[in-house]
Amino acid sequence: MSFINLDQIQSALNQPCPDPGRVRDVLARARTLVGLEPEQAALLTRVTDAMLLEEIFSAARGVKETIYGKRLVLFAPLYISNRCQNECLYCGFRRANADMQRMSLSQAQIADEVRCLTAEGHKRLLLVAGEQEGPGSLRYVLDSIATIYACREPGLEIRRVNVNIAPLETEEFRQLAASRIGTYQLFQETYHPQTYVRMHPSGPKADYGRRLLTMHRAMQAGINDVGIGALFGLHDWRFELLSLLQHSRELEKTFGSGPHTISVPRLEPASGSALAARPPAAVSDEDFLKLIAILRLAVPYTGIILSTRETPGVRRAAFALGVSQISAGSRTTPGGYGHTEDETSGQFSLGDHRSLDEVIADIAQLGYIPSFCTACYRLGRTGADFMDLARPGAIKAHCDPNALATFQEYLNRFASDETRRIGGALIEDHLQTLDAPVAATARNLLQRMAAGETDVYC
Ligand code: SAM
Ligand code: SF4
C-alpha cells in the first residue's frame with residue numbers, strides 16, 4: 001500500500017500558507033496543461049486569500065475550457081439492488097438498517113427501468129448495487145448488463161453501461177470485462193486508514209487494503225477504463241484529494257494510463273444513518289468547489305464526475321471549474337424509474353430532483369452542450385489509446401461533432417418544445433465557434449441526421 005504515502009501527505013498539508021509568488025508559479029505551470037505534482041496541489045489546498053482563490057478558479061476554468069470546451073456528458077444511475085452485507089455507517093443500504101425495504105430487481109424489472117430511461121433520452125447508464133453474498137452475485141450483475149444492452153429499439157437504447165459494484169477478484173474482473181462495460185468505478189470512500197476502519201466495521205468492505213488494490217486487479221484483468229473517487233465528508237478533504245492524486249499516479253505508473261474519471265461524491269443524509277446526518281468532516285460549498293478546481297488543474301485529462309447529490313446551484317458553479325460528466329434525473333431506489341415510488345428505499349437524499357429535460361434546458365441556457373456521446377468506447381478509444389489522443393488535443397475533433405450530433409438526436413426525439421428551441425439556437429451558435437474542419441465534420445453528422453439517420457458518430 002506504499003503508494004498512499006501518509007507521511008508525505010500529512011507533511012505537505014501541515015506547511016504554512018504559501019506566498020502569492022509560489023501560488024502563481026504553480027498556476028502558471030497548470031495553465032500549460034501538464035498537470036501538477038501532488039506537492040503543488042497540496043500548496044493550492046492551503047490557499048485562503050480570496051484573491052488567490054479567485055486566481056485558482058480562473059486557472060481551472062481556463063483548463064476546463066481548453067480541454068473540454070463546452071461539453072458536458074450526461075448519464076443516469078441504475079440501482080439494481082439495495083441488498084448489502086456491509087455496514088458502511090454512512091449508507092442507507094447498510095445491512096443493519098432495518099428500516100430499508102430490501103429488493104433486487106428481476107431481469108424483467110431491469111428491462112422496465114431501462115425502457116423508462118431510454119424513453120427520456122438516456123444513452124449512458126451507471127449500474128449500481130449493494131454487495132451481496134454468494135457466487136450468484138456476479139452472475140446477477142452480468143445478466144443485468146446483458147439485459148440492459150439487449151433492451152433496444154432504433155434510437156432507444158443504452159449504448160454504454162458503466163458499473164459501480166463491490167470489488168472483485170482478478171478472474172471475476174475478466175468476466176466483467178467480457179461483458180462490454182464502459183468504465184468500472186469504485187470509490188475508496190476514505191484513504192485515511194483509521195477513519196476507514198471506523199466507517200466500515202463489518203463485512204468484506206472492512207478490508208482497506210483489498211479495496212485499495214481493486215483497480216490494480218481490474219486493470220490486470222483487462223479493464224482499461226477505471227474510475228476512482230472518495231466520499232467527501234468522512235475525513236479532511238485535502239487529505240482525500242492528495243490521496244486521489246497519489247492513487248492516480250500509481251495507476252499511471254503501473255499500467256500506462258491513470259483513471260479515466262474521478263468522482264467527487266459528497267456525503268448526503270441517508271435513511272437510518274446518524275453519521276450521514278452529521279458528517280464527521282463536512283466540506284463547505286466553497287471548499288468543495290476549490291477541490292474540484294484543484295483536481296482539474298492537477299489531472300487535466302481525467303474526467304470529473306458530479307452526481308445529483310449536489311444542488312442545481314453547486315452543480316452550475318462546478319461545471320465551469322472542471323466537471324465533465326453529470327448524472328441527471330436520477331433515482332437511488334431500485335425500481336425508482338418505473339416500478340416503485342418508495343422514496344425510503346433510496347441510498348441517500350438527492351440535491352437535484354429535476355428531470356433530464358429540465359437539466360438539459362438549464363445547462364444549454366448556460367451555454368453548455370449536453371453530450372450523450374459513446375463513440376470512444378464503441379470505437380475502442382479507451383485507456384492509454386484515449387490518453388494518446390487526448391493529450392495532444394486531437395480528441396476534440398471527435399468530441400465536439402459527436403456532442404452536437406447526440407444533442408441534436410436528443411432534441412429531435414425527446415426534448416420538450418422549450419428545450420428544443422433553446423438547444424437548436426445553441427447548436428447554431430456553437431458551430432460558429434469551432435475550427436473550420438471540426439465544424440465541417442459536425443455539419444456532416446447533423447446533415448446525416450436531418451436525412452433520417454440516427455446514432456451517427458466519428
Ligand atoms: N456497494 C458498492 C460500494 O460500496 O462500493 C457500490 C455501490 S455504492 C451504492 C456507491 C457509492 O455510494 C459508495 O461508494 C459511496 O461513496 C456512496 N454513498 C454511500 N452512502 C452515501 C451517502 N450517504 N451520501 C452520498 N454518497 C453515499
Ligand atoms: Fe453496501 Fe456500498 Fe452502501 Fe456500503 S456503500 S452499505 S457497500 S451499498
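These numbers were taken from a predicted model, which means no experiment stands behind them. Nothing fancy with the numbering, it's 1 onward along the sequence. Whatever order the structure lists ligands and atoms in, that order sets their numbers, starting from 1.
The residue from Gln185, Arg309, Gln188 that puts a heavy atom closest to atom 17 (C) of ligand 1 is Arg309.
Ligand 1 has an N or O atom lying under 3.5 Å from an N or O atom of Ala129, backbone or side chain.
Regarding atom 20 (N) of ligand 1, its nearest protein heavy-atom neighbour is Tyr90 CD1, 3.4 Å. Remark: minimum distance from atom 4 (O) of ligand 1 to any protein heavy atom is reached at Lys205 NZ, 2.8 Å. If you check which protein heavy atom lies closest to atom 19 (C) of ligand 1, you get Gln347 NE2, 3.1 Å. The protein non-hydrogen atom at the shortest distance from atom 24 (N) of ligand 1 is Glu268 N, 2.9 Å. Looking only at protein heavy atoms, the nearest one to atom 3 (C) of ligand 1 is Arg211 NH2, 3.5 Å. Counting protein heavy atoms only, atom 13 (C) of ligand 1 is closest to Glu189 OE2, 3.2 Å. Here the heavy atom of the protein found nearest to atom 6 (C) of ligand 1 is Asn164 OD1, 3.1 Å. Atom 27 (C) of ligand 1 has as its closest protein heavy atom Phe348 CD2, 3.6 Å.
Summarising the geometry of Leu53 relative to Thr48, their closest heavy-atom pair is CD1-O, 4.1 Å, with the distance given to 0.1 Å. Minimum interatomic distance between Arg210 and Thr214 (heavy atoms only, all atoms of both residues): O-OG1, 3.1 Å. Closest approach of Asn82 to Met103, counting heavy atoms only: OD1-N, 2.8 Å. For the residue pair Pro204 and Glu131, the shortest heavy atom distance occurs at CG-OE2, 3.5 Å.
His122 has its ring centre no less than 6.0 Å from the ring centre of Phe414. Ring centroids of Phe3 and His216 are separated by less than 6.0 Å, placing the two rings close together.
For ligand 2, the atoms lying closer than 4.0 Å to a non-hydrogen atom of Lys205 are 2 (Fe), 4 (Fe), 5 (S), 7 (S). Residue Val128 approaches ligand 1 through these ligand atoms, each under 4.0 Å from one of its heavy atoms: 7 (C), 9 (C). Near Leu186, with a cut-off below 4.0 Å to any heavy atom, the atoms of ligand 1 are 5 (O). Each of the following atoms of ligand 1 lies closer than 4.0 Å to a heavy atom of Ala270: 23 (N).
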Test salt bridge (charged side-chain N to carboxylate O under 4.0 Å, His left out) applied to Glu157 and Arg378, step by step: CA-CA 14 Å; Glu157 80 254 290; Arg378 291 159 92 194; 5.8 Å; no

Step-by-step salt bridge (charged side-chain N to carboxylate O under 4.0 Å, His left out) determination, Arg139 to Asp143: CA-CA 6 Å; Arg139 187 71 264 153; Asp143 288 348; 3.2 Å; yes

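Taking NZ from Lys123 and OH from Tyr410, the interatomic distance works out to 10.0 Å, rounded to the nearest 0.5 Å. Within the model, atoms CD1 of Ile305 and CZ of Phe75 stand 5.5 Å from one another, a figure rounded to the nearest 0.5 Å.
With respect to the salt-bridge test (charged N to carboxylate O, under 4.0 angstrom), the residues Glu252 and Arg249 do not qualify. In this structure, Glu54 pairs ionically with Arg61, as a charged nitrogen and a carboxylate oxygen lie closer than 4.0 Å. Here Arg266 does not pair with Asp287 in a salt bridge; the nearest charged N to carboxylate O distance is not below 4.0 Å.
Listing protein N, O or S atoms at distances below 2.8 Å from atom 3 (Fe) of ligand 2, with waters left out, gives Cys91 SG.
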